[in-house]
Structure formats: structure tokens, C-alpha cells
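Following: one structure in C-alpha cells, then a few remarks.
From a predicted model like this one, the values you see are computed outputs, not experimental measurements.
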Amino acid sequence: MKGADIIVKVLREQQVNTVFGYPGGTILSLLDALRGKRGIKLYTNCHEQFCAHAAEGYARATGKPGVVIATSGPGATNLVTGLANAYMDSTPMVAITGNVPLHLLGRDAFQEIDIYGVTMSITKHNFIVKSVEGLADTLRFAFQTATTGRKGPVLVDIPKNIFDECAKYSPAAPGEVPFPLPLDEELQEAAELINTSARPILCLGGGVIASNAAEKVYDFAKKLGTPVMTTAMGIGGFPQDDDQYLGLVGLQPNPSTLQALHDCDLFIGAGLRFSERMLENIRLHSPDCKILHLDIDEAEIGKNLPAYSAVVGDLSAVLESLLPLVSAKAPRYYPDTVPRDPLYTQIFGAFPEAVFTTEVGVHQVKACHSLPILKPRHFITSGGLGTMGFGLPAAIGAAIATGNRVVNLAGDGSFAMNLQELSTAVGYGLPVTQVVFNNRRLGMICDLQDRDFEGRHILTETPAMDLPSLATAMGVPFVRSTDSNGLPAVLAEARKEKGVCFIEVLTDR
């Protein structure tokens, strides 16, 4: 069997039914093998970076690994931002790249690039396949690595000749590496710390979503009666309409969040990495509180902030084991001071069952605070890398994955980076609603220049675009809101559309 056909067989073994990719000379044999194969659908975006972000959106919406393929040279290097984004946000993804034939590696052949070396620091693991006999097992290990432990992207680079060479194929069931159960002594120490604390608070990161632990988190929080806050990646891990929900930590926290930090004697961090934004909040408002860190990745324990105690393991298993060991406490509430922007709450009210994605900027921060997300995997944003251009292709991936309406929120600056992806959404007839908050500037950059450079705005004007004409050219229904009073009528009009819809919201500079 040819190598390209072996890849298709392994994808089926791994229960892959969706692949994102862009064609190029070194992977044509693989594309030909995928052509018309039942059970695997191939989608192409306008650019390899968007293929990677679409695979991320698919993975974030489902929990399954996203799969992306690209050709050698610029095709492979165009994946770099998507791989880095997935690595920072612990998103399971397998990237398959073609490369020049094996005998030309290292000879500066046309479109040769050492993508293995380029991506070493932004993938969980990566491989160069040097024989067709090792192809199947390498791919199997790639999927296993991407989806077990702390999830992340894995790259498999395959020289062109490997696709066409033949080897015997032996089927195998998807492999699983069970993560070790949390240690009893760690659980006992954590339970004692919780039981002797008077004012614990619980902070949720993306690990809550990745480990499908939202239900166990809810039971844990209710038994402890503890206030709950989240990082941007943890949004959806706890229902935001619950009285115990406080809001975000790190991204411009609200007064109640800061007050809870000031009051707490135990900070329980679940599935998070203690980013510098969070550390600033903790060090300023709760420097003497003890830290209990629950995380699947032992390397994160104490990396950025010393932990008084820690439990290493899959968060779902950790909470299941910890719950019977902790004593119930009376619930503690703080007044709701979450700064919800009415523009965003109106949009959420128009699409309450939708998955929301965002680009990066002021609109992202407002969305994190304003959208009352109730379910896991209903909010997808670029966390650690902060990638402008992420949201629309991620929305495409999420729409393909779920079949549900996906609303992408963008500033005009981010939209200028990926506007061609509207044509991808239209071409596949996807239920994607694109919202652009248009103030003709890079709002977050302006804010930083106001704060740090005495208001000297440099390179902040965004391109002047006739968005109605753009929508017409793309074949997308377009509606515009010029003020908050007119937004309900615009949203009602947008709700009538079954496929792609484009909403421009003019906002104050």
C-alpha cells in the first residue's frame, strides 16, 4: 500500500472525519488519496495559517484533535502561527506537512525548509518520517501525544517520496496512554489545606475545558461555597449566571474579583498556568494567600509562582478524588460588578445558543467580561499568543465541527487580517455570523499608547474599507448598526439568515 493510502487508513483508525488543508506540490499524492474517501471531509481555507486556526476551532469546539495538512516551504512555515497558538493554549492538533524527497533534504532544494527545526519550540513533539515502514506508527504516536496528558500540537513532516513508496499496512486500534491517577498523599494534603482555610477562592483555567471537568468543578465549588473566577481560557467552565461567579482574573478584573482576592487565604488554581497578568493581580491584592495548584502538567507547578501545595493529574480525576475529602462550607457571595457592555449582551441575547469566537483586541476583553457564557466549548478565543486573525477561521472550524451557529466578534483591525475567510464560510454554506466593531483604529494599541506614551498614536489607523461593498463582493448579507438604539433591529434582521451574515457595529473612537 502506498504511503498516502496508509495515512488515510491511520486517519480513519483515529476516527478523524475532518481535515483542513491547502494544496501544494509535495502533498498532491496525499490529497489524491483523500479525494472522495467516505468518512473524511477535506476543507480548504484561503491560507495555511487559517487552515491551522480552523483546525484549532474544530478541536476547541469538540475536544477532538484538529488535523491540518500543508505543503513544503512557505506552506509549512505558514502553519507556524497556528501551531504556536495551539501550543500556548494546549489545543490538540496534528499537522502533516510534505517536504522535498528524502534524497534532497539538506540540499537547499526548491521549497525545502527544515520545518522540524522551525517548529521544535512551538509543538509538543514533532517528527521527520524517513521510511514508509515507520509512517503508520509515527502518525499513531502523533495522535496519542497530541491528545494525552497536557494536550498540544504535534507536527509530522513527510518527504514527498514517502507518499508514493509502498509498505505493508497493519491496522491498529487508537492507542491511549492513561495519565497516572493523582497521588493519595497529594490529595490528602490538598484536602487538609482546603478544610482548614476560611476564605478559599477557586480560579479556573483552560484545563477545565480540556479535561471535560465542568460538572465536577460545579459540584466542587458548590460544596466549598467558594467564589469562582476564570481566566479567558476558562470561560464556560462555570456558568456565569451563577451567584458564585465573580468574573475574570488577569484581564482588567472587576472590583468584586479584586475584593475576593484581597480577602482570600487560599487560592485554588485549577488547570491554569499562572500567567504574568494573573500574577500581577495576586501579588498586588493577595500576596499572603496560600496557593493550591491542580494541574495535569507537573512542569507548571511552581514555574511562575511557588505553590504551597499541588496535585498533579487530569483535572476531572483530581476533582473526583478530592470531592469526598473536603468538608462543606457555607457559600460566600460578592456583589455582581462584572462590567457587561450592553452592545455585547444584546448580541448574546440574539444568539443565546451560539458558539462565540473572538479576534484579539479591546473587543476581546469586552467579550470576555460581557458574554454570559453558560456552557463549556461555547467560547473560543486566542489566549496565550493573542493572535489577531484567529477568530474567523476558528469560527469556520467550530461551525464545521458542530453545525451550530457561530458568532465571531472582531475589531476592524483584526478583521483586516482575515476578511478573505468570509469567502470560505460562504463557499461551504456555514452558519457563521461575522460581527465587526468598527472604530477605524487599533483600539488596544491606542490605549497602550495613551497609558505609556502620552497619547502619541503611531500606526493605529486601520485601512478604510467599504464593508457593504466587500460583503456584496463576497455574496454575504450585510446589516449595519450606527448606534446602540438601532442594534436590536439589526440583530433581528441578522437572525433571519441561515448561512453567513455580516454585521458592522459603528463604535465611538
Any side-chain donor-acceptor pair under 3.5 Å between R405 and T433?
yes
For N254 and T337, which I'm curious about, is there any donor-acceptor pair between the side chains at under 3.5 Å?
yes
Please tell me whether T424 and E421 have a donor and an acceptor in their side chains that are separated by less than 3.5 angstrom.
yes
Using a distance-only test with no angle check, is there a side-chain donor-acceptor pair under 3.5 angstrom linking H53 and N418?
no
Give the C-alpha distance, both sets of side-chain angles, the deciding distance and a yes or no for salt bridge (Lys or Arg N to Asp or Glu O under 4.0 Å) between E280 and R277.
CA-CA 5 Å; E280 183 179 340; R277 289 175 171 177; over 6 Å; no
Separation between NE2 of H378 and OG1 of T402, rounded to the nearest 0.5 Å:
8.0 Å
Counting heavy atoms not belonging to R35, are there more than 12 under 6.0 Å from its CZ?
no
Validation row: M417, E359 side chains within 4.5 angstrom (heavy atoms):
no
Only counting residues at least two apart or in another chain, list the ones meeting side chain to side chain donor-acceptor pair (under 3.5 Å) with S481.
none
Student check: side-chain heavy atoms of F50 and L392 closer than 4.5 Å
no
Counting distance only, does the side-chain N/O of S382 pair as donor-acceptor with the main-chain N or O of T387 below 3.5 Å?
yes
Other residues, nucleotides and ligands only: do more than 12 of their heavy atoms fall within 6.0 Å of OH on Y245?
yes
Distance-only, no hydrogens or angles: does the S72 side chain make a donor-acceptor pair with backbone N or O of Q111 under 3.5 Å?
yes
Keeping K124 on the side-chain end and T145 on the backbone end, is there a donor-acceptor pair under 3.5 Å?
yes
Nearest 0.5 angstrom please: D412 CG to T462 OG1, how far?
3.5 Å
Donor-acceptor side-chain pairing of N212 and R377 below 3.5 angstrom:
yes
All heavy atoms of A401 vs all of T62, minimum pair found to be CB-CG2, 3.4 Å
Any side-chain heavy atom of P92 sitting closer than 4.5 Å to one from K64?
no
Does a side chain donor of either N85 or E56 reach within less than 3.5 Å of an acceptor in the other side chain?
yes
Which distance, rounded to the nearest 0.5 Å, do you find between the OG1 of T507 and the CZ of F437?
8.0 Å
Do R60 side-chain atoms and T381 backbone N/O form a donor-acceptor pair below 3.5 Å?
yes
Quick check: closest heavy atoms across V208 and G237, and the distance to 0.1 Å?
CG1-CA, 3.9 Å
Backbone N/O of A350 and side chain of R495: donor-acceptor pair under 3.5 Å
yes
Between N78 and Q49, does the side chain to side chain donor-acceptor pair (under 3.5 Å) criterion hold? Intermediate values first, please.
CA-CA 5 Å; N78 282 345; Q49 179 180 335; over 6 Å; no
Verify, without hydrogens or angle tests, whether D336 (side chain) and V338 (backbone) share a donor-acceptor contact under 3.5 angstrom.
yes
Rounded to the nearest 0.5 angstrom, the CD1-CG distance for I96 and L79 is 11.0 Å
Backbone N/O of H47 and side chain of N45: donor-acceptor pair under 3.5 Å
no
Rounded to the nearest 0.5 Å, how far apart are CG of L204 and CE of M229?
9.5 Å
Taking side chain as C-beta onward, heavy atoms only, is V68 less than 4.5 Å from L83?
no
Closest contact, heavy atoms only, Q420 versus M474
CA-CE, 3.9 Å
Can you name the closest pair of heavy atoms from V100 and F110 and give their distance?
CG1-O, 3.5 Å
Take L385 and D89, measure what side chain to side chain contact (heavy atoms under 4.5 Å, CB included) needs, and give me the verdict at the end.
CA-CA 8 Å; L385 196 63; D89 290 345; over 6 Å; no
Distance only, no hydrogens: is a donor on one side chain within 3.5 Å (strictly under) of an acceptor on the other, for E112 and N99?
no
When the ring planes of H293 and F274 are compared, do they come out parallel, tilted or perpendicular, using 30° and 60° as the limits?
perpendicular
Between F163 and L28, does the side chain to side chain contact (heavy atoms under 4.5 Å, CB included) criterion hold? Intermediate values first, please.
CA-CA 9 Å; F163 294 116; L28 290 182; over 6 Å; no
Where do E504 and R480 land on the salt bridge (Lys or Arg N to Asp or Glu O under 4.0 Å) test, with the steps shown first?
CA-CA 5 Å; E504 181 186 20; R480 172 185 282 162; 2.7 Å; yes
For residues V228 and D242, determine if any side-chain heavy atom of one lies less than 4.5 Å from a side-chain heavy atom of the other.
no
Side-chain heavy atoms of H363 within contact of S414, under 4.5 Å
yes
Side chain to side chain contact (heavy atoms under 4.5 Å, CB included) between N126 and V156: does it pass, once the steps are laid out?
CA-CA 6 Å; N126 59 9; V156 182; over 6 Å; no
Would you say R150 and E300 make side-chain contact, with heavy atoms under 4.5 Å?
yes
Using the ring centroid of each side chain, check whether F356 and F348 are separated by less than 6.0 Å.
yes
Does atom OH (Y116) have a neighbourhood of more than 12 heavy atoms from anything else shown, all under 6.0 Å?
no
Among T257, T231, V365, I235, the one residue meeting side-chain contact (heavy atoms from CB on, under 4.5 Å) with L248:
I235
Do I158 and T97 make a side-chain contact, defined as non-hydrogen atoms from C-beta onward lying under 4.5 Å apart?
no
For M93 against A86, the heavy-atom pair lying closest together:
CE-CB, 3.9 Å
Parallel, tilted or perpendicular: rings of Y58 and F20 (30°, 60°)
perpendicular
Closest approach of E497 to P477 (non-hydrogen atoms, all atoms of both residues):
OE1-CG, 3.5 Å
With under 30° as parallel and over 60° as perpendicular, where do the rings of Y428 and Y43 fit, or are they tilted in between?
perpendicular
Nearest-0.5 Å distance that lies between atom CZ in F379 and atom CD in Q240:
8.5 Å
When you measure from the side chain of T44 to the backbone of G21, do you find a donor-acceptor pair of N or O atoms at a distance under 3.5 Å?
yes
For D314 and S211, test the side chains for any donor-to-acceptor distance below 3.5 angstrom and give the result as yes or no.
no
When you compare the side chains of T345 and S370, does any donor N or O come within less than 3.5 Å of an acceptor on the partner?
no
Hey, are E353 and K375 close enough for a salt bridge, meaning a charged N less than 4.0 Å from a carboxylate O?
yes
Pair K41, V19 - check side chain to side chain contact (heavy atoms under 4.5 Å, CB included), show working.
CA-CA 6 Å; K41 292 184 178 180; V19 175; over 6 Å; no
Keeping the roles fixed (side chain from Q244, backbone from P227), state whether a donor-acceptor pair exists under 3.5 Å.
no
